[in-house]
Amino acid sequence: MGQDLSGLGVKGLQNLENQLEMSVRCIRTKKDQLLVDEIHELNRKGSLIQQDNMELHRKVNLIRQENAELYKLYEKEAAGEVNRDSTTPYNFAVAENANIPIHLELNTTPQEHDVEPPAAPKLGLQLNP
């Protein structure tokens, strides 16, 4: 571009320069709009991720509270304070290390074709091998 300008006079070159400047302005405006749109989209996604993160923190705190309640129940049972005639069909085992992430498991009730009943579900902190 610009090699075949020998036939243009001052007026023609000035018109060409004005056209180029207008084109560059349009390109910059379009680029700026695309960047603004992308920033808005990234802010929206960041907000959604932040909301998801807050919900996950809430769920983790709820699980920790439930785990603490189960641990208290376990301590009472170990001390002989729990009614042994209780009709609750679950037994709980709690791991000792409080710095390990919480993993809850729930076993289904035994089926007729099962040979032996499943072990009691382990609620609480467990080490993953």
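Both backbone and side-chain heavy atoms feed into the values below; hydrogens, waters and symmetry mates do not. All residue numbers refer to positions in the sequence shown, counting from 1.
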Out of curiosity, [X] [atom1] to [Y] [atom2], how far, rounded to the nearest 0.5 Å?
{"X": "Lys59", "Y": "Ile63", "atom1": "NZ", "atom2": "CD1", "result": "8.5 Å"}
{"X": "Glu38", "Y": "Asn43", "atom1": "CD", "atom2": "CG", "result": "11.0 Å"}
{"X": "Asn53", "Y": "Gln51", "atom1": "CG", "atom2": "CD", "result": "11.0 Å"}
{"X": "Leu42", "Y": "Ile49", "atom1": "CG", "atom2": "CD1", "result": "9.5 Å"}

Q. Would one find more than 12 heavy atoms of other residues, nucleotides or ligands at under 6.0 Å from atom CD of Gln50?
A.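 No, CD of Gln50 has 12 or fewer neighbouring heavy atoms, counting only those of other groups under 6.0 Å.
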
Q) If you draw a 6.0 Å radius around CD in Glu21, do more than 12 non-hydrogen atoms from other residues or ligands fall strictly inside? A)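 Yes, CD of Glu21 has more than 12 neighbouring heavy atoms, counting only those of other groups under 6.0 Å.
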
Q. Does one side chain, of Gln19 or Asn15, offer a donor that lies under 3.5 Å from an acceptor on the other?
A.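 No, no side-chain donor-acceptor pair sits under 3.5 Å.
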
Q) Would Gln33 and Asp37 count as a side-chain hydrogen bond (donor to acceptor under 3.5 Å, both in side chains) if you check the C-alpha gap in whole Å, the side-chain angles of each, and the deciding distance to 0.1 Å? A) CA-CA 6 Å; Gln33 185 60 47; Asp37 291 346; 2.8 Å; yes

Q) Salt bridge between Glu55 and Arg58, side-chain N to carboxylate O under 4.0 Å? A)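 Yes, charged N to carboxylate O under 4.0 Å.
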
Q. Between Lys72 and Glu75, is the closest basic N to carboxylate O distance under 4.0 Å?
A.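 Salt bridge between Glu75 and Lys72, a charged N being under 4.0 Å from a carboxylate O: no.
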
Q. Quick one: does Thr29's side chain have a donor or acceptor within less than 3.5 Å of a partner on Arg25's backbone?
A.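 Confirmed, Thr29 side chain pairs with Arg25 backbone.
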
